[in-house]
Amino acid sequence: MERTLILLKPDCVQRRLMGRVLARFEDKGLNIIAMKMMRVTPELAKKHYAEHVKKDWYPALEGFITGGPIVAAVVEGLEAIRVVREMLGATSGLKAASGTVRGDFSSSRQMNLVHGSDGPAAAQREIALYFRDEEICAGEPTIAPWLRAADE
Ligand code: CDP
Ligand code: MG
């Protein structure tokens, strides 16, 4: 089982798409094992987007991500990091395939609704930025035997 961090970004919250986006992850069979609504501070934004801080578009990104409440969640499942990224689609909503969250709901490169960690190291680092260990509610749901075979 793999864990990944998702953020429902401020545009997702303001556009009242939280439920529809979370439903996609639940429908897929992924487990939501931690979740909170919060504000991203400029300090947290710089840590989260450390790889982008020097880019010329970073100030606009920081303004966006700190501009309203977000929902942070830890999602768990088989190959969850890749599966979630594929469900989100390409970074720009204009390029993201139809059927993906960004492809279906976003027409922007910046306002692309949802963040998903891009690899195991990022997932571990990002989960620790948003959640303490005791905030994560691990444990298989009772429906697990009906979501995949025992040897998967
Ligand atoms: O989120 P993802 O990993 O797909 O994209 P990224 O290249 O790591 O960029 C992080 C976030 O910065 C994106 O999700 C966009 O919200 C934003 N971004 C932006 O505002 N302008 C760009 N030219 C590229 C990305
Ligand atoms: Mg990225």
Side-chain angles (χ1 to χ4, degrees), residues 1-133 135-138 147-148 152:
M1 293 288 263
E2 221 172 49
R3 291 177 179 181
T4 188
L5 180 86
I6 63 161
L7 300 181
L8 307 184
K9 299 184 187 184
D11 54 337
C12 186
V13 176
Q14 296 301 324
R15 290 177 56 193
R16 292 159 156 68
L17 291 172
M18 291 185 287
R20 289 162 79 182
V21 169
L22 290 170
R24 288 188 178 216
F25 296 129
E26 291 192 310
D27 288 347
K28 180 71 178 168
L30 293 158
N31 302 330
I32 297 169
I33 59 170
M35 185 156 68
K36 66 171 103 165
M37 181 174 269
M38 56 181 282
R39 292 292 288 248
V40 175
T41 62
E43 294 68 37
L44 178 56
K46 287 182 186 76
K47 286 185 192 159
H48 179 105
Y49 286 123
E51 62 174 320
H52 299 312
V53 166
K54 298 253 154 53
K55 305 220 167 113
D56 58 357
W57 44 267
Y58 178 76
L61 171 60
E62 184 180 292
F64 164 54
I65 204 73
T66 63
I70 60 126
V71 171
V74 181
V75 171
E76 184 178 68
L78 295 175
E79 301 178 45
I81 296 168
R82 180 188 57 76
V83 167
V84 166
R85 290 280 290 189
E86 287 185 7
M87 289 175 74
L88 297 185
T91 301
S92 169
L94 296 173
K95 305 234 167 70
S98 234
T100 64
V101 171
R102 291 165 172 177
D104 287 353
F105 295 113
S106 162
S107 294
S108 166
R109 194 176 53 190
Q110 179 193 73
M111 297 194 179
N112 57 9
L113 300 159
V114 186
H115 167 81
S117 306
D118 67 4
Q124 200 177 12
R125 187 182 77 83
E126 292 172 3
I127 289 168
L129 284 178
Y130 289 84
F131 293 95
R132 297 186 313 260
D133 281 350
E135 290 179 304
I136 296 174
C137 304
L147 293 172
R148 61 178 179 273
E152 284 186 271

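Residues: numbered from 1 along the sequence shown. Just follow the structure's listing: the first ligand is 1, and inside any ligand the first atom is 1. All heavy atoms count here, side chains included; hydrogens, waters and symmetry mates do not.
Between H48 and H115, the ring planes are perpendicular. Angles over 60° get that label, and only those under 30° would be called parallel.
The neighbour count for K47 NZ, taken as heavy atoms of other residues, nucleotides or ligands under 6.0 Å away, does not exceed 12.
With sequence neighbours excluded, the residues that form a side chain to side chain contact (heavy atoms under 4.5 Å, CB included) with R132 are E134, E135. Qualifying side chain to side chain contact (heavy atoms under 4.5 Å, CB included) partners for T66, counting only residues two or more places apart in sequence or in other chains: V40, P42, A45, E62.
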Which atom pairs, one a donor and one an acceptor, fall under 3.5 Å between side chains of residues 67-81 and the rest of the protein, sequence neighbours left out?
unit_1, atom_1, unit_2, atom_2, d
E76, OE2, R3, NE, 3.0
E79, OE1, R82, NE, 3.3
E79, OE1, R82, NH2, 2.7

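Contacts of ligand 1 (protein heavy-atom distance under 4.0 Å) are K9, Y49, H52, W57, L61, R85, T91, R102, R109, Q110, N112.
A salt bridge does not link R20 with D104: every distance from a Lys NZ or Arg NE/NH1/NH2 to an Asp or Glu carboxylate oxygen is 4.0 Å or more.
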